[in-house]
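Since the structure comes first, as structure tokens, the remarks are kept for the end.
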Amino acid sequence: MFSALIYLQLTTLKNRARSHLRRFKQPKYWLGAAVFGLYLWTIFLRHLLPGGRTPRWGSAGAGLDADVLFGLEHGFALLLLGIVLLAWLLPKDRAALDFTEAEIAFLFPAPVSRKTLIHFKLLKWQLGNLVGALFFTVFSSRGAGGGTVVRHILAWWLVMATLNLHTVAASFARTMLLDRGITTWKRRLFILAALSVVTVGVALWLRGHVPPFGLQVIQSKESFIGWLHEVVDNGPLFWLLLPFRVVLKPFFTPDAAGFALACLPLLGLMLAHYVWVVRSDTAFEEATVEQAARRANIIAAAKAGSWAAMRAAAGKVRRGRPLFTLRSDGFRPVALLWKNLIAVGNVLSLRVWMVVGVVVFAAAVFGRFAYSDLPLLPVMGIAAPAIAGYLFFFGPQLLRQDLRTDLAQPDLLKVLPLPGWQVVLGSVLAPVTVMTAVQWFLLATGGVLLTGGEASAKLPLTNLIGFGFAAALVLPLVNFTAFLVLNGAVLAFPAWFTLGQTGAQGFEQTGQRMIMAIGQMFVLLAALVLPGAAFAMGFVLGKLFAGVAVATVLGALGAALVLAAECAAGVWALGGLFDRFDSSAESAP
Amino acid sequence: MIEVENLTKLYGDFAAVTDLSFTVKPGEVMGLVGPNGAGKTTTLRCLSGIIPPSRGSLRLAGHDLRAEPTLAKQHLAWFSDEPKLFDYLTVWEHLAFTARIYHVHDWESRGHTLLADLEMTENSVKLPGELSRGMKQKLALACGLLHSPRAVLFDEPLTGLDPLGIRKMKHGIKRLAADGAAIVMSSHLLHLVEEVCSHILIVKGGRKVIHGTLDDITRTFAAAPDASLEQVFLEATSDQPRPAPAPPPPLPSGDARGP
């Protein structure tokens, strides 16, 4: 029977690899794969070959000294302790093994024993653990040399497999407790109580045996490591962290013989966990079926390319209140703005953020007048507009409530009685509005903070107002341009994005995304050349007749006019693209 | 009125629909039937403006879909087999959105009536994720009917509905036609097509096999005059050579003898 399951797994792997390779007939996939491969090679892989840089830490070598490794080992042991505690504390669902719907349909009614099903899952997980181990090795042993990389991978795999086994065992134990009438909250209270007792015990022991933690401890590396030795080499913390250090020991053992020796107790621990899992008589079938159905919905939504649908499938969508009442008359694209603002509100809760904004602004005003000499104020005053500028880079990635989301269901937009330019305009307005509002808030807050204390002496008020006004004028149009470029890329190259039913994934898709990101950046920079020139002209002209503040505003006016013209042309052009957008082309038979 | 002339849709070299022409007048319900892959959904998606046709002319309520897409779509309602809804809008917000897009000024009273008719009133604050499939279909129906469309396209409208839902949908389609809408409906449920539709268009391999009233196509394809649409459909889409048309009904004996 088990051979059938092995066959299933191997055939699935083979066919998945084959279909993956088949995609390479299309240039976009091999180009994406090539770019991603080049990136991976440049950043990580070339360091893994012999002759690469010296290893930095871990079993792959002795790049870091013993003291640092000692600190890292205990830090990671503490982290593992936290993970294990959370596995017992947080989950409230019954034990479920992650079978797919197809596996459930074929295997659950089949004459396959429960033990075989568990073995099948355990085996299948090892493949995921191995991939995870490879992934972590790329990051953790950047610079590792020679054959030690294999040990590094093995060490990661052992850590992940042990954690994996413990998580399953814990889920079985939690379910067993539920079956015996111990509710989730009772269990949590018990664990928290036990944790409190242990914490108090450890604190009391430390108080009696170890010098208190203070400035003298962190004045040098040696003093800190010495203190750490006193804390963890004896007493309760030694015993508390021991199992986790056993798990990590192979990873932190540099030589081959030591590695093999360190593996022995860990293998014993894994064996104990394995016996625990296999001998647990806990029903997992019902919860597994529920989990598989839920996951299938999420995967279907992901394949449809809709993050919103994924959230809906995961039950994370909640009713949001519209920011304004939508009347039935008026400019039709406002309906799309209204709709997308509701979608943004579902993720960011706009009303809460508005309240937070008002409170922060009030605090800034209070700080400016009550503590104007505080040296932190000008720092915060500069940081606020700096964050506004930084938003320009990561804001469009967070705010995706535009065509990038809606084109996953193109039918919804295509049937609307709106010309393409109105669809594009309405779709882009919501993220632009939200991002501009945040940037204006940051500018205003920064401006208030910079009017007081030492900063006001260096930056006259007129200049501050001029800069602020100029930035406030230009930012919405720059944002609009940025979002137009992003939406334009989706409309112009739909095949390069995960839209409709394509659902393609893999490293070549990551490469595609990198290509698109670079392309978008170039288009955006090109779009900003003319406005930049207009700003320079306005500024120079303004400087002939007035000061820096007026010249900046004049420059910004010039830039804004050019940007507005570019945005209008962009909306018009993208509208044409939307009118011609054929969602069936990508999924054509 | 829905007018289609020489509609052709190509995917590369593959012709999903070839030179398809038909007209649906106000008050008519045309059943679009054909085997899987016949081009029914492609035809409907072209007609709804979702995908552009490769060739041909499509007119909805007198407006050319290519030249005046906004005016043409203003009179259109499209119901796909799988209801497509916005995840973040509640039932009532879907109606508000539709009202602004189509400029339906009395949308609130119409919305209340539609939701009451569809037994959705108590669900008006729910999100699509909280609705059953049938309820989602009802919501799509309410949104589609809010602006009193004159051209209505249904793609497998009865999929996933319970018997009561099917009955209501049939009545709804008939009532829409009675109110003067031109309707095209694709479905594999031939007995329901037979019951609801005044005209039938059978397509196969993207081409028209026959178009006419049920009586017309029965006369052309069926071996017996009282044949069901299912028999006609199987005959019309069969790869076998077509049998001889049904013989005329036997005359009464007196007439047979002649004068």
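What you see is a predicted model, and the numbers here were worked out from it, not measured in a lab.
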Short side-chain to backbone donor-acceptor contact, [X] and [Y], under 3.5 Å:
X         : Y         : answer
Lys40(B)  : Asp155(B) : no
Arg110(B) : Leu146(B) : yes
Asp162(B) : Gly165(B) : yes
Asp81(B)  : Glu156(B) : no

Shortest non-hydrogen contact between [X] and [Y], atoms and distance:
X         : Y         : answer
Pro431(A) : Leu399(A) : O-CD1, 3.7 Å
Gly420(A) : Phe578(A) : CA-CD2, 3.8 Å
His147(B) : His75(B)  : NE2-C, 4.5 Å

- Hey, which residues of residues 333-341 of chain A are touching chain B, say heavy atoms under 4.5 Å apart?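 Under the 4.5 Å heavy-atom cut-off, Val334(A), Ala335(A), Leu336(A), Trp338(A), Lys339(A) qualify.
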
- Between chain B and each of Ala343(A), Pro419(A), Gly426(A), Gly330(A), count heavy-atom pairs under 4.5 Å; write down the option with the most.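 It is Gly330(A).
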
- Give a yes or no on whether a salt bridge exists between Arg66(B) and Asp579(A), defined as a side-chain N under 4.0 angstrom from a carboxylate O.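 So Arg66(B) does not pair with Asp579(A) through a salt bridge.
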
- Message: One thing to verify: whether Arg45(B) and Asp411(A) come together as a salt bridge, which I'm taking to mean a side-chain N less than 4.0 angstrom from a carboxylate O.
- Response: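 Salt bridge flag = yes for Arg45(B) with Asp411(A).
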
- Message: For Leu71(B), which atoms come within 4.5 Å of any heavy atom of chain A: side chain, backbone, both, or neither?
- Response: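 It is neither, since no heavy atom gets under 4.5 Å.
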
- Is chain A contacted by the side chain of Ser48(B), its backbone, both, or neither, given a heavy-atom distance below 4.5 Å?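 Both parts, backbone and side chain.
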
- Partner chain A: residue of Leu76(B), Thr90(B), Val104(B) with the largest heavy-atom pair count (under 4.5 Å):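 Maximum pair count with chain A is reached by Val104(B).
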
- Item | Residues Glu130(B) and Asn123(B): side-chain donor-acceptor under 3.5 angstrom |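 Glu130(B) vs Asn123(B): no donor-acceptor pair found between side chains.
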
- Close side-chain approach of Val415(A) and Lys73(B), heavy atoms under 4.5 Å: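 Sidechains of Lys73(B) and Val415(A): no contact.
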
- Message: What residues of residues 91-103 of chain B make heavy-atom contacts with chain A at a cutoff under 4.5 angstrom?
- Response: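 Those residues of residues 91-103 of chain B which have a heavy atom under 4.5 Å from chain A are Glu93(B), Ala96(B), Phe97(B), Ala99(B), Arg100(B), Ile101(B), Tyr102(B), His103(B).
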
